[in-house]
Amino acid sequence: MYYLGVSYSMAVENKNILFKKLESKDAIPFDLLLLADPSIDLIAEYLKVSELFVATDGQEILGVIVLFPLTGETIEIKNIAVRTKLQRQGIGSILINNAIRLASQSKIKNIFIGTADTSIAQLSLYQKLGFRISGIKEDFFLTNYDRPIYENGIQAKHMVTLIKTL
Ligand code: COA
């Protein structure tokens, strides 16, 4: 699964954005990771076996995506986050599209992602990028987190899973 280490730049809305693998010497952007996942324990656990990519303008990290090997042919996007002030400018789409591009160049055949039943924007984004709903993990957010999570005025209960076949 370790097909990565590629870095290349893409111009986006007049900004030059570099998508690259975070190097071991770089500080892990926990502030961003916590935007997508409130559990530092879960984050620390999946980072042990994941690869972490960032979108950067060369100065600061704008967004992050974490790819976790689920099986030999399937990776899971465990975490994706864009700095709050920069959201809705296409950076999340760049992160996912570059992950898709890298996975397509490897033996990976499927990309899996899970989100809360309350994550309206995320469900829109993933489906726009070709992911299709594949199932529901019932009560996931009630049993895996120690406090209630609210989004869009609704308490998150189930995880909606989506898959993109490459
Ligand atoms: N409301 C409604 N739709 C939204 C949205 C919002 N706040 N943010 C993104 N979308 C949808 C829209 O369909 C949008 O397309 P449009 O702008 O043409 O309407 C599409 O996603 C693409 O958005 P994009 O600008 O590429 O996404 P982004 O850079 O804002 O990144 C997230 C998306 C989810 C990564 C970002 O909002 C984020 O970091 N959120 C907090 C962390 C999080 O929830 N991570 C995911 C956990 S499952």
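Both ligands and their constituent atoms are indexed starting at 1 by order of listing. Any value given below was found using the heavy atoms of this structure, including those in side chains, with hydrogens, waters and symmetry copies removed. Index from 1, following the sequence.
The protein heavy atom nearest to atom 30 (O) of ligand 1 is Arg88 N, 2.7 Å. Distance from atom 25 (O) of ligand 1 to its nearest protein heavy atom, with residue and atom name: Gly90 N, 2.7 Å. What sits closest to atom 26 (O) of ligand 1 on the protein, heavy atoms only, is Ser93 OG, 2.6 Å. Among protein heavy atoms, the minimum distance from atom 45 (N) of ligand 1 is reached at Ile80 O, 2.7 Å. Protein heavy atom closest to atom 34 (C) of ligand 1, with residue, atom name and distance, is Gln122 CG, 3.8 Å. The nearest protein atom to atom 42 (C) of ligand 1, hydrogens excluded, is given as Leu35 O, 3.4 Å; this is a heavy-atom distance. Looking at atom 33 (C) of ligand 1, its nearest protein heavy atom turns out to be Leu125 CD2, 3.6 Å. For atom 15 (O) of ligand 1, the closest non-hydrogen atom of the protein is Lys128 NZ, 3.0 Å.
Looking at Glu60 and Lys85, a side-chain N of the basic residue comes within less than 4.0 Å of a carboxylate O on the acidic one, giving a salt bridge. Taking the charged nitrogens against the carboxylate oxygens, Lys21 and Glu51 do have a contact shorter than 4.0 Å, which makes a salt bridge. Taking 4.0 Å as the cut-off between side-chain N and carboxylate O, Lys78 and Asp37 do not count as a salt-bridged pair.
In terms of polar-atom proximity, defined here as any N/O pair under 3.5 Å, Leu86 makes no such contact with ligand 1.
Rounding to the nearest 0.5 Å places NZ of Lys157 at 13.0 Å from OG1 of Thr143. Once rounded to the nearest 0.5 Å, the distance linking OG1 of Thr56 with CG of Asn16 reads 10.5 Å. Taken from CD1 in Ile111 to CG in Leu162, the straight-line distance is 12.0 Å, to the nearest 0.5 Å.
Around atom 13 (O) of ligand 1, the closest heavy atom drawn from Ser124, Ala81, Gly92 belongs to Ser124. Comparing heavy-atom distances from atom 48 (S) of ligand 1 across Leu33, Val82, Thr84, Thr115 singles out Thr115 as nearest.
Within the structure, the closest approach of Ser119 to ligand 1 does not fall below 4.0 Å when heavy atoms are considered.
Side-chain polar atoms of Glu151 and Ser119 form a donor-acceptor pair below 3.5 angstrom.
Checking side-chain atoms of Thr161 against main-chain N and O of Gly135 turns up a donor-acceptor pair under 3.5 Å.
In Gln87, the parts holding a heavy atom less than 4.0 Å from any atom of ligand 1 are both the side chain and the backbone.
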Checklist entry - When you look at Phe53 and Leu22, which way does the side chain to side chain contact (heavy atoms under 4.5 Å, CB included) test go after all the steps? => result CA-CA 5 Å; Phe53 290 82; Leu22 197 79; over 6 Å; no

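Taking every heavy atom of Gln89 and a limit of under 4.0 angstrom, the matching atoms of ligand 1 come to 25 (O).
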